[in-house]
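Taking it in order: structure first as structure tokens, then the write-up.
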Amino acid sequence: MAVFIFAYKGIIEYIELFALEVEDMKYIEDVLEDIKQIDGPSGKLRDRILDAYDGYEYNGVSEISIDRYIKEDTMKAKAYRIGANYPGSPKIIALIDDGKDHYVSTVIDAYIKE
């Protein structure tokens, strides 16, 4: 009986640890909401995007790529495709306005493209 109780406690502890990890996990929808809030110096745009992905993983991959996505450009904004470096991972398309003086970058729209 003592061995069973010990094993049961071990399983409960593992489940509790897993639950804590799941609570701390960031989902792509959370990243999208963070990216939509970006507005600041153009020189810090890459860092702000990477900060938005902090805590996000796709199939264990947390390395993020940020690429220009010209085919989604609009008259007012440049498009960027952002996502984990893993085949099939969801990508966020962010439409970014550099402003008149190219000093301030503002995300004017963003959406998930799978």
Side-chain angles (χ1 to χ4, degrees):
M1 187 71 148
V3 172
F4 175 73
I5 292 171
F6 177 74
Y8 179 74
K9 278 185 168 183
I11 291 171
I12 296 298
E13 288 172 6
Y14 175 77
I15 290 171
E16 288 172 354
L17 284 174
F18 180 75
L20 288 174
E21 285 181 21
V22 169
E23 285 178 20
D24 293 340
M25 228 168 49
K26 193 169 192 177
Y27 296 95
I28 194 69
E29 294 81 8
D30 302 323
V31 174
L32 176 64
E33 292 307 312
D34 289 347
I35 285 178
K36 286 181 177 181
Q37 304 301 315
I38 294 175
D39 181 30
S42 295
K44 299 214 180 249
L45 178 62
R46 180 175 176 73
D47 292 338
R48 300 276 311 273
I49 290 171
L50 293 176
D51 287 347
Y53 271 89
D54 191 35
Y56 174 79
E57 284 186 8
Y58 184 83
N59 280 354
V61 175
S62 59
E63 183 181 334
I64 304 303
S65 64
I66 304 169
D67 303 306
R68 280 283 284 119
Y69 197 54
I70 296 170
K71 77 179 203 174
E72 295 286 330
D73 281 358
T74 67
M75 295 274 287
K76 292 186 175 189
K78 295 179 183 174
Y80 291 84
R81 183 174 51 197
I82 312 159
N85 283 335
Y86 191 88
S89 68
K91 304 297 185 208
I92 291 178
I93 306 300
L95 299 171
I96 300 172
D97 179 11
D98 285 330
K100 291 180 185 177
D101 58 5
H102 300 283
Y103 176 71
V104 176
S105 293
T106 303
V107 174
I108 58 173
D109 194 17
Y111 56 91
I112 297 170
K113 186 171 188 168
E114 296 190 39

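Being a predicted model, the structure only gives us computed values, none of them experimental. Because only heavy atoms are used, hydrogens play no part in the values below, and waters and symmetry mates are left out as well, while side chains stay in.
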- Query: Do you know the tightest heavy-atom contact between V107 and I35?
  - Reply: CG2-O, 3.4 Å

- Message: Quick test of your reading of the model: are K113 and E72 salt-bridged, counting only N-O distances below 4.0 Å?
- Response: yes

- Does K26 come within less than 4.0 Å of D34, counting only side-chain N to carboxylate O? yes

- Message: Quick check for you: to the nearest 0.5 Å, what is the distance between T106 atom OG1 and Q37 atom CD?
- Response: 11.5 Å

- Item | L95 reachable from Y69 in the ILVMFWY side-chain graph, under 4.5 Å edges | no

- Query: Out of curiosity, does I66 fall in the hydrophobic cluster containing I112 (side-chain heavy atoms, cut-off under 4.5 Å, transitive links)?
  - Reply: yes

- Would you say the side-chain atoms of S42 pair up with the backbone N or O of Y103, donor to acceptor, closer than 3.5 Å? yes

- Item | Atom pair CD1/CD of I28 and E57 - distance to nearest 0.5 Å | 12.5 Å

- Query: Y53 side chain to I82 main-chain N or O, any donor-acceptor pair under 3.5 Å?
  - Reply: yes

- Query: Checking D73 side chain against A79 main chain: does a donor-acceptor pair fall under 3.5 Å?
  - Reply: yes

- Note on the structure: Rounded to the nearest 0.5 Å, the CD1 atom of I96 sits from the CG atom of D39 at a distance of 11.0 Å

- Scan side-chain atoms only and decide if S89 and K91 contain a donor-acceptor pair under the 3.5 Å cut-off. yes

- Between D98 and K78, is there a side-chain N and carboxylate O pair less than 4.0 Å apart? yes

- Message: If I compare all heavy atoms of I108 with all of A77, which pair ends up nearest, and what's the gap?
- Response: CD1-CB, 3.5 Å

- Item | Within 6.0 Å of CG in D54, more than 12 heavy atoms from elsewhere | no

- Stepwise, does the side chain to side chain contact (heavy atoms under 4.5 Å, CB included) test hold for D30 with Y56? CA-CA 9 Å; D30 302 323; Y56 174 79; over 6 Å; no

- Following the transitive rule for hydrophobic clusters with a side-chain heavy-atom cut-off under 4.5 Å over Ile, Leu, Val, Met, Phe, Trp and Tyr, establish whether I93 and L32 coincide in one cluster. no

- Query: Under 6.0 Å between the ring centres of Y58 and Y86?
  - Reply: yes

- Give the C-alpha distance, both sets of side-chain angles, the deciding distance and a yes or no for side chain to side chain contact (heavy atoms under 4.5 Å, CB included) between I92 and Y111. CA-CA 6 Å; I92 291 178; Y111 56 91; over 6 Å; no

- Return yes if some donor-acceptor pair links the side-chain N/O of D47 with the main-chain N/O of K44 below 3.5 Å, else return no. no

- Task: Show your working on side chain to side chain contact (heavy atoms under 4.5 Å, CB included) between L45 and I38 and close with a plain yes or no.
- Result: CA-CA 8 Å; L45 178 62; I38 294 175; 4.0 Å; yes

- Item | Shared hydrophobic cluster, V61 / Y27 (ILVMFWY, side-chain heavy atoms < 4.5 Å) | no

